[in-house]
**Q** 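To start, I am sharing the structure in question, which I have written as structure tokens.
Residues: numbered from 1 along the sequence shown.
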Amino acid sequence: MSKEPDFDAVVIGAGITGMYQTYRLREQGFRVKGIEGAPDVGGAWFWNRYPGCRVDSESHTYSYYWSEELLQGFNWTERFAGQPEVLSYLQTAADLMDIRKDYIFNQRVRWARWDNENSYWIIQLEEGGSIPMTARFLFSAMGPLSAPQMPNVPGIYTFEGQWWHTGRWPRDPDSNFGAKIDFTGKRVAVVGTGASGVQVIQEMAKVAKDLYVFQRSPNWCCPLGNAPLSQAEMDEIKANYEELNNFCNTTLSGFPHKWIDKNAVDVSPEEREATWEDLYQGPGFRLWLGNYKDYLENPESNALVTEFVKKKIRQRVKDPAIAEKLIPTDHGYGTRRIPQETKYFECYNQDNVHLIDLRETPMEQVEANGIRTSDGKLYEVDVIVYATGFYAIRGSLSRIEVYGKDGKSLNELWREDGVKTYLGLMIDNYPNFFTLVGPQNGTVFCNIPRCSATAIDWNEGLMNFVKEHHVKVLEAAPEAQEEWNELCHELLSHGLIGKVNSWFTGVNKNVAGAQKREVLFYAGGNQAFKDLCKDIEGDNWRGFLFDGAPAEKLGEPA
């Protein structure tokens, strides 16, 4: 006789996605328990407390749009909120959902194993002793940027000064801010010039005696266009939330930016230049996601906008040699996620800021008092900040061993066969396991709070179907997984993003075995993903197996 599990569902993660999924499951009547490694809610916004950390989506769009009470009750103070305010928003949302009572905090999942006999998941916690918990369904909501990655160089732990990774910044226990650390007059090294690096460099340049920027891969950074939000502006936003939400639902990625319905190559140089000058100033991703509709598909159009951004960098950086080092040479504008900045390039005009180009002299090792490069030079510093990002999209899953029906680890399967999923939500051979904001999902190339809700709201209907029909085992049909994988490959092949090494395509130079491109996201856009999911639901949950049978055959004799 099979045993009953402790819970109907376990959700891993208490960030934006995890909290909402846990809330929806609870409201549906499921016995649900959340697991979170931090002492409180917030996910990425709990851990990333480094100086300068802020959201690159417009604050009022980076929200739980499904809650009218939260939309009307919370006042954003900046167009692009800083980390303390974003965390405050998520804490307010947690209070509204009364979600903390459903979580175990300060715990991480070590492994999860599917039990064929009992048709549930056995979940071992890091600090759980010898007795694991069990759940019929398991939801991974760990986020696409939650597995910090250090550089692959020796000696990191030999450094005798202070050092931190931006994704695990020390916190002030009495506030939502980072720990009160004074960098004034110190020699600071920042390793990395991605989104986090750009933000922290801007702040360190203001106070450090000497700031050494160790850059391996320059990025196409553009002005954020941040500004305070007055109460009058906030009141106007609140009065127009419905219209704003409806508009964001029609855009590719849930941001308030839409393609110009023209091709860059079809307009005059004067018109292009004037348009790009306007878009470049922001706010937000206007140049990236509000550009001419062909520039991420047509190499000629992409080359034109790339030259425009090159020109802007050269205008802003006084030393021509330094400017050239800050210009990417291995990818065109927009083919990787664009870091947003506020006077970032002007930092390199300061006497206290020094750029070390790791393409010329790679980091050789970290030593007790600094960083040594391949030319033998030792850069002596008091503090090292590793802004080296994350093992993105699949990284958080790679740090948990998830064993399927045949006992095979998901990590082993994906190493052998590459990433394959159905809708980016389920994986053949791993029943009752949902990968929210995971590989091949429609929510990765997206404004996360808005797009993850798309999947969660749709999951509600699927889980209701499971509940109503007393289904114990929900699976992705193998043929449906193959079709989805082919579709993701086809969509990505049409654009330039799929032809570039980035975390969008699974390449991470600091991770062993992550140097080969993979298709890690659905490139059709949020609205197309919604429409497709609606079509699948209307077609008897096409591609899913319920206790081994398609929905239309439920209840038929075996």
Side-chain angles (χ1 to χ4, degrees), residues 48-54 82-83 151 153 155-156 159-166 169-170 177-224 226 312-328 339-389:
N48 289 263
R49 297 174 184 241
Y50 59 85
C53 181
R54 68 177 58 250
Q83 174 272 330
V153 294
I156 285 172
F159 182 63
E160 294 179 356
Q162 295 177 304
W163 65 271
W164 301 280
H165 188 284
T166 52
W169 200 261
F177 291 83
K180 296 180 177 67
I181 304 169
D182 187 3
F183 295 94
T184 304
K186 293 186 177 180
R187 300 168 300 172
V188 180
V190 175
V191 182
T193 54
S196 299
V198 166
Q199 290 180 333
V200 77
I201 286 165
Q202 292 169 172
E203 299 305 311
M204 294 297 170
K206 297 174 184 176
V207 297
K209 175 185 177 183
D210 283 292
L211 172 60
Y212 298 94
V213 176
F214 290 81
Q215 173 187 266
R216 183 176 64 187
S217 302
N219 281 285
W220 299 110
C221 308
C222 286
L224 177 64
N226 193 26
K312 302 305 290 187
I313 296 172
R314 289 168 179 149
Q315 289 172 351
R316 295 173 60 183
V317 180
K318 293 178 181 178
D319 185 330
I322 297 296
E324 294 308 308
K325 293 178 188 294
L326 293 167
I327 293 174
Q340 302 290 279
E341 47 84 17
T342 302
K343 298 183 178 179
Y344 166 67
F345 290 110
E346 286 73 11
C347 292
Y348 296 96
N349 297 330
Q350 299 177 199
D351 292 338
N352 66 325
V353 178
H354 317 283
L355 179 65
I356 297 91
D357 189 342
L358 298 181
R359 294 171 297 182
E360 297 176 355
T361 55
M363 282 177 63
E364 191 169 85
Q365 66 182 38
V366 180
E367 299 183 4
N369 55 347
I371 297 173
R372 191 177 297 278
T373 49
S374 61
D375 58 355
K377 185 171 182 179
L378 176 65
Y379 295 88
E380 296 189 11
V381 294
D382 305 305
V383 179
I384 301 176
V385 177
Y386 293 102
T388 45

**Q** I need the minimum non-hydrogen distance between I181 and P170, along with the two atoms involved.
**A**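 That closest heavy-atom pairing would be CD1-CG, 3.8 Å.
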
**Q** Whether the side chain of E367 engages the backbone of L378 through a donor-acceptor N/O pair (distance < 3.5 Å, no angle test) should be reported.
**A**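 No; zero donor-acceptor contacts below 3.5 Å.
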
**Q** So does A205 get a backbone contact from the side chain of N352, meaning a donor-acceptor N/O pair under 3.5 Å?
**A**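 Indeed, once roles are kept as given, a pair shorter than 3.5 Å links the two residues.
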
**Q** Quick one: pull up CE in M204 and OG1 in T184 and give me the separation to the nearest 0.5 Å.
**A**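 Output value for this atom pair is 10.0 Å.
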
**Q** Heavy-atom distance under 4.5 Å between the side chains of E324 and R314, does that happen here?
**A**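 In short, these two side chains touch, coming nearer than 4.5 Å.
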
**Q** Show your reasoning for whether side-chain contact (heavy atoms from CB on, under 4.5 Å) applies to N349 and V317.
**A** CA-CA 6 Å; N349 297 330; V317 180; 4.1 Å; yes

**Q** Taking S217's backbone N and O only, do any of them form a donor-acceptor pair with T193's side chain (distance below 3.5 Å, no angle check)?
**A**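 Yes; judged by distance alone, with no hydrogens or angles, the pair exists.
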
**Q** Output yes when a side-chain donor or acceptor of Q215 lies under 3.5 Å from a complementary backbone atom of K325, and no otherwise.
**A**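 Flag set: sc Q215 to bb K325 pair under 3.5 Å.
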
**Q** I want to check something: taking the side chain as every heavy atom from C-beta on, are Q83 and R54 in contact at a cut-off of under 4.5 Å?
**A**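 They are not in side-chain contact.
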
**Q** Which atom pair, heavy atoms only, marks the closest approach of L211 to I201?
**A**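 That closest heavy-atom pairing would be CD2-O, 3.8 Å.
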
**Q** Under 4.5 Å between any side-chain heavy atoms of L326 and L355, yes or no?
**A**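 They are in side-chain contact.
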
**Q** Calculate, to the nearest 0.5 Å, the distance between atoms OG1 and CD belonging to T342 and Q199 respectively.
**A**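 Spacing of OG1 (T342) from CD (Q199) equals 8.5 Å.
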
**Q** Just how far is it from atom CD of E203 to atom SG of C347, taken to the nearest 0.5 Å?
**A**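 SG of C347 is found 8.5 Å from CD of E203.
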
**Q** Strictly below 4.0 Å, N to O, side chains only: are E341 and R316 in salt-bridge contact?
**A**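 Answer for the salt bridge query: yes.
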
**Q** Considering all heavy atoms of both residues, which atom of A368 and which atom of F159 are nearest to each other, and what is their separation?
**A**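 Heavy atoms only, the tightest pair is O-CD1, 3.4 Å.
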
**Q** Counting distance only, does the side-chain N/O of D210 pair as donor-acceptor with the main-chain N or O of R187 below 3.5 Å?
**A**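 Pair absent, no side-chain N/O of D210 close to backbone of R187.
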
**Q** Are any of the side-chain heavy atoms of I356 and T361 separated by less than 4.5 Å?
**A**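 The answer is yes; the side chains approach within 4.5 Å.
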
**Q** Between G194 and P339, which heavy-atom pair has the shortest distance, and what is it?
**A**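 Heavy atoms only, the tightest pair is C-CG, 4.2 Å.
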
**Q** Can you measure from NZ (K318) to CD (Q350) and round to the nearest 0.5 angstrom?
**A**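 Spacing of NZ (K318) from CD (Q350) equals 10.0 Å.
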
**Q** Is there a side-chain contact between W169 and P51 (heavy atoms, below 4.5 Å)?
**A**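 In short, these two side chains touch, coming nearer than 4.5 Å.
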
**Q** Any side-chain heavy-atom pair from T373 and E364 closer than 4.5 angstrom?
**A**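 No; the side chains remain at least 4.5 Å from each other.
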
**Q** So, D357 and R359, do they make that salt bridge, N to O below 4.0 Å?
**A**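 Salt bridge flag = yes for R359 with D357.
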
**Q** Out of curiosity, I371 CD1 to E380 CD, how far, rounded to the nearest 0.5 Å?
**A**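 Rounded to the nearest 0.5 Å, the CD1-CD separation comes to 12.0 Å.
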
**Q** Considering all heavy atoms of both residues, which atom of I156 and which atom of P151 are nearest to each other, and what is their separation?
**A**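 So the minimum-distance heavy-atom pair works out to CD1-O, 3.5 Å.
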
**Q** For F177, does the CZ atom have more than 12 heavy-atom neighbours from other residues, nucleotides or ligands under 6.0 Å away?
**A**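 Open: at most 12 neighbouring heavy atoms sit under 6.0 Å from CZ of F177.
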
**Q** Among pairs that include at least one residue of residues 350-381, which meet ring pair (Phe, Tyr, Trp, His ring centres under 6.0 Å), considering only residues two or more places apart or in two chains?
**A**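 Residue pairs passing ring pair (Phe, Tyr, Trp, His ring centres under 6.0 Å), neighbours aside: Y212-H354, Y212-Y379, F214-Y379.
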
**Q** Specify the closest pair of heavy atoms between F345 and C221, including all atoms of both residues, with the distance to one decimal.
**A**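 Looking at all heavy atoms of both residues, the closest pair is CE1-O, 3.6 Å.
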
**Q** Are Y50 and V385 packed together at the side-chain level, in the sense that at least one heavy-atom pair is separated by less than 4.5 angstrom?
**A**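 Not in contact.
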
**Q** For D382 and K186, indicate whether the former's side chain and the latter's backbone hold a donor-acceptor pair under 3.5 Å.
**A**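 No, because the side chain of D382 does not come within donor-acceptor range (under 3.5 Å) of the backbone of K186.
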
**Q** Is V366 close to W163 at the side-chain level, that is, under 4.5 Å between some pair of heavy atoms?
**A**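 Not in contact.
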
**Q** Aromatic contact between Y386 and W164, with the criterion being ring centroids under 6.0 Å apart: yes or no?
**A**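 Here the rings of W164 and Y386 have centres that are no less than 6.0 Å from each other.
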
